[in-house]
Amino acid sequence: MTGRERLSQARLLEALRAAEPTDADAIAALQQASFDDQWSADSVARLLSGPANLSVVAEREGRLLGFLMGQCVVDTAEVLAVAVDAEVRRAGWGAALLTGFERVASVSGAERVILDVAADNGPALALYAARGYETVARRDRYYASGRADPVDALVMAKNLVI
């Protein structure tokens, strides 16, 4: 099965687990390959060791396929970063990571999830909208690192409790 073939949601969720500080090197490498704003393995390890950490990874046969770095403070969970390996993008891993994170956040007492996304990131915006996220604010020229023209961030939110 290639990375581009869509797996069932149940199979994707089976590949998720809680991220641990020992995942820091692999997460940092994927983060650096995916974003202009680069995080060091030490920064990732500190986030993963923090008391608010709710991060999840997708892994198959010992290979990191994606991650969602997130945290929960009081009743609000926040997505800090999501990345999926380029070889397996568009196969449902981003949606699975988001679903797994929402489940962990809800069990941890979160009533809502918030996140920032670049206004020009069409695939991410489509994913979040399909999952029930709504734009609640805009941060002008928020994403500037590595860009000739800074891009606005959209702040999106989803209520977990109805």
Side-chain angles (χ1 to χ4, degrees), residues 7-86 88-89 91-118 121 123-137 139 142-143 145 153-162:
L7 300 173
S8 74
Q9 183 75 6
R11 280 201 56 204
L12 292 172
L13 290 172
E14 288 174 3
L16 301 185
R17 65 171 174 78
E20 302 171 355
T22 56
D23 296 315
D25 288 336
I27 290 172
L30 180 53
Q31 192 277 341
Q32 291 167 9
S34 302
F35 299 104
D36 293 325
D37 187 21
Q38 312 255 307
W39 294 358
S40 70
D42 287 341
S43 295
V44 172
R46 280 193 301 278
L47 284 168
L48 294 175
S49 298
N53 174 53
L54 294 182
S55 302
V56 294
V57 295
E59 183 179 69
R60 192 178 343 157
E61 298 173 5
R63 178 177 165 222
L64 180 75
L65 302 177
F67 69 84
L68 187 152
M69 296 288 294
Q71 60 187 5
C72 185
V73 178
V74 189
D75 64 352
T76 301
E78 179 182 15
V79 174
L80 303 173
V82 183
V84 174
D85 187 297
V88 295
R89 286 187 188 144
W93 291 108
L97 286 161
L98 194 56
T99 296
F101 177 74
E102 289 170 355
R103 289 179 180 177
V104 171
S106 182
V107 169
S108 298
E111 295 179 5
R112 74 182 199 148
V113 176
I114 61 170
L115 57 87
D116 294 340
V117 60
N121 188 340
L125 289 167
L127 169 65
Y128 299 137
R131 300 277 313 151
Y133 287 79
E134 296 180 351
T135 301
V136 296
R139 294 182 175 151
Y142 185 79
Y143 293 104
S145 180
L154 301 179
V155 180
M156 302 184 81
K158 176 182 178 178
N159 288 328
L160 298 177
V161 178
I162 298 174

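Counting begins at 1 with the first residue of the sequence. Bear in mind the structure is a predicted one, so any value in this text is a computation, not a measurement. Reckoned from all heavy atoms, side chains included, excluding hydrogens, waters and symmetry mates.
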Please find the pair of heavy atoms, one from [X] and one from [Y], that lie closest to each other, and give the distance.
X	Y	result
L48	A19	CD2-CB, 3.6 Å
C72	L54	CB-CD1, 3.3 Å
A41	A24	O-CB, 3.5 Å
G100	L16	CA-CD1, 3.9 Å
A83	L97	O-CD1, 4.2 Å

Not counting sequence neighbours, which residues clear side chain to side chain contact (heavy atoms under 4.5 Å, CB included) with [X]? List them please.
X	answer
D85	L30, R63, E87, V88
L47	W39, M69, L80
Q32	A28, Q38
S49	P21

Q: Show the numbers, then the answer: is there a side-chain contact (heavy atoms from CB on, under 4.5 Å) between E59 and F67?
A: CA-CA 9 Å; E59 183 179 69; F67 69 84; over 6 Å; no
Q: Keeping to residues at least two apart or across chains, list the side-chain hydrogen bond (donor to acceptor under 3.5 Å, both in side chains) pairs with something in residues 72-84.
A: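 Passing the test, one end in residues 72-84: Q71-E78.
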Q: Look at the side chain of N159 and the backbone N and O of V161, then say whether any donor-acceptor pair between them is shorter than 3.5 Å.
A: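 Side chain of N159 to backbone of V161: no pair is present.
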**Q.** K158 side-chain N/O to R131 backbone N/O, donor-acceptor pair under 3.5 Å
**A.**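 Yes, because the side chain of K158 sits within donor-acceptor range (under 3.5 Å) of the backbone of R131.
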Q) Among V84, I27, V82, which residue meets the side chain to side chain contact (heavy atoms under 4.5 Å, CB included) test with L68? A) V82
Q: Go through the structure and list residues passing side-chain hydrogen bond (donor to acceptor under 3.5 Å, both in side chains) with S43, not counting sequence neighbours.
A: S40, R46
Q: Could you pull out all residues at least two apart from R139 that satisfy side-chain hydrogen bond (donor to acceptor under 3.5 Å, both in side chains)?
A: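 Result, side-chain hydrogen bond (donor to acceptor under 3.5 Å, both in side chains) vs R139: D116.
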**Q.** Residue pairs passing the salt bridge (charged side-chain N to carboxylate O under 4.0 Å, His left out) test where at least one lies in residues 20-29, sequence neighbours excluded
**A.** R17-D23
**Q.** Partners meeting ring-ring contact (aromatic ring centres under 6.0 Å, His included) with Y128 (sequence neighbours left out)
**A.**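 Residues passing ring-ring contact (aromatic ring centres under 6.0 Å, His included) with Y128: Y133.
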Q) Rounded to the nearest 0.5 Å, how far does OG of S106 lie from CZ of F101? A) 11.0 Å
Q: Please test L98 against E102 for side-chain contact (heavy atoms from CB on, under 4.5 Å), starting from the C-alpha separation and ending with a verdict.
A: CA-CA 6 Å; L98 194 56; E102 289 170 355; 3.7 Å; yes
Q: Please assess L160 against E111 for the test side-chain contact (heavy atoms from CB on, under 4.5 Å), listing each intermediate value before the final yes or no.
A: CA-CA 5 Å; L160 298 177; E111 295 179 5; 5.8 Å; no
Q.
Between V117 and L115, is there a side-chain heavy-atom distance shorter than 4.5 Å?
A. yes
